[in-house]
Amino acid sequence: MKSLIVYASRKGATRDMAARIARGLGGTGGVDLVDVADEKAAGVDLAGYGLVIIGSPAYAGSWNKAVVAWAAKHEAELLLKKIAFFELGNARESLAVKTALPSLYPGALAVAKLGGEIRWNKLSFLEKIIIKAVTKSSGDSSTVDQKAVEDFIAALVALA
Ligand SMILES: Cc1cc2nc3c(=O)[nH]c(=O)nc-3n(C[C@H](O)[C@H](O)[C@H](O)COP(=O)(O)O)c2cc1C
């Protein structure tokens, strides 16, 4: 059966990660990629999918509201499916999806915090101040853990 990846992204890093995961699943029964901000997200029919992978960046300790709302709306169906979560963010030790989706999280078959990327030119003035205060640095940076990404994709391929 096909897999579905539904994600949110503010600055593009989670979008790029979702595309990378989709490429990784290329050899399986097929994969669809949906940005939750896209109007077609509301009309997605989960019936055709065996595995649903949901991803979001963490901002100020929280998951993206639109992706949380999408998952909540489809909760009854998602509880009956194979589901997996991925989260982007530089605070590798914290996992915002646990509190964002408390009824779905315990049933997830794969969960990973993959690190994050700062795309400096995409930050607002206020975001630049926050990032400079927290990281003591400015400019583009990445904490994406390549091994964690590869392990997560391998786990998904085994589930798909
Ligand atoms: C203002 C701001 C707040 C952030 N807060 C968190 C956070 O609470 N936890 C975390 O792990 N990462 C945090 N990050 C890092 C982002 O999650 C990371 O940059 C991520 O890759 C962004 O994904 P996106 O490009 O898809 O929006 C924050 C970044 C910014 C700019």
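Values reported hereafter were calculated over all heavy atoms of this structure, with side chains retained and with hydrogens, waters and symmetry mates removed. Given the structure is predicted, the values throughout are model-derived calculations rather than measurements.
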Min side-chain heavy-atom separation V157-T28 under 4.5 Å:
yes

Do V144 and V149 come close enough that some side-chain heavy atom pair is under 4.5 Å?
yes

Please give me the minimum heavy-atom distance between A41 and W70, naming the atom from each residue.
O-NE1, 3.1 Å

Minimum side-chain heavy-atom gap Y49-S3 below 4.5 Å
no

Look at the side-chain heavy atoms of Ile, Leu, Val, Met, Phe, Trp and Tyr, link any pair under 4.5 Å apart, and say whether L51 and L114 land in one connected group.
yes

Path from L46 to I21 over hydrophobic side-chain contacts below 4.5 Å:
no

Scanning both residues in full, the closest heavy-atom pair of A96 with G61 reads CB-O, 3.4 Å

Look at the side-chain heavy atoms of Ile, Leu, Val, Met, Phe, Trp and Tyr, link any pair under 4.5 Å apart, and say whether V111 and L79 land in one connected group.
yes

Determine whether N90 and E117 make a side-chain contact, defined as any pair of heavy atoms from C-beta on separated by less than 4.5 Å.
no

If you compare all heavy atoms of K82 against all heavy atoms of L109, which two are closest, and at what distance to 0.1 Å?
CG-CD1, 3.6 Å

Under 4.0 Å between a side-chain nitrogen and a carboxylate oxygen: does that hold for D140 and R119?
no

Quick check for you: to the nearest 0.5 Å, what is the distance between K128 atom NZ and L123 atom CG?
6.5 Å

With sequence neighbours excluded, residues passing salt bridge (Lys or Arg N to Asp or Glu O under 4.0 Å) with K132:
none

CD1 of I131 to OG of S137: how many Å apart, nearest 0.5 Å?
8.5 Å

Can you find a heavy atom in the side chain of I5 that is under 4.5 Å from one in the side chain of V34?
no

From K11 atom NZ to L88 atom CG, the distance as rounded to the nearest 0.5 Å
14.0 Å

How close do L159 and A110 get, heavy atom to heavy atom, and via which atoms?
CD1-CB, 4.2 Å

Any donor-acceptor pair under 3.5 Å linking the side-chain atoms of E75 with those of S103?
yes

If the condition is side-chain contact (heavy atoms from CB on, under 4.5 Å), which residues does D35 pass it with, not counting sequence neighbours?
Y7, R15, A37, D38

Does Q146 CD have over 12 foreign heavy atoms under 6.0 Å away?
yes

Can you list the residues that meet the ring-ring contact (aromatic ring centres under 6.0 Å, His included) rule with F86, with sequence neighbours excluded?
none

Spell out, yes or no, whether L33 and F85 are grouped together once hydrophobic residues are joined by side-chain heavy atoms under 4.5 Å, including indirect joins.
no

Closest non-hydrogen contact found for G24 with I153 is CA-CG2, 3.8 Å

I'd like to check the side-chain contact (heavy atoms from CB on, under 4.5 Å) partners of S124; sequence neighbours left out, ordered by chain and number.
L126, E127

My understanding is that only residues two or more places apart in sequence, or in another chain, count here; which of them pass side chain to side chain donor-acceptor pair (under 3.5 Å) with E93?
none

Just one of V52, D45, V31 clears the side-chain contact (heavy atoms from CB on, under 4.5 Å) bar with L4, so which one?
V52

Can you tell me how far CG of L78 sits from CG of L104, rounded to the nearest 0.5 angstrom?
5.5 Å

Which atom names give the shortest non-hydrogen contact between A148 and R92, and what distance separates them?
CB-NH2, 4.0 Å

Side-chain (K2) to main-chain (D32) donor-acceptor, under 3.5 angstrom
no

Does the side chain of L156 reach to within under 4.5 Å of the side chain of I53, using non-hydrogen atoms?
yes

So, using salt bridge (Lys or Arg N to Asp or Glu O under 4.0 Å) as the criterion, who are the partners of K147 when residues are at least two apart?
D151

Around atom NZ of K98, are there more than 12 heavy atoms from other residues, nucleotides or ligands closer than 6.0 Å?
no

Can you tell me if N64 and Y59 form a side-chain donor-acceptor pair at under 3.5 Å?
no

Check whether any side-chain N or O of T143 sits under 3.5 Å from a backbone N or O of G115 as a donor-acceptor pair, and report yes or no.
no

Note, W63 side chain near L95 side chain (heavy atom, < 4.5 Å):
no

Sub-4.5 Å side-chain heavy-atom contact between M17 and S9
no

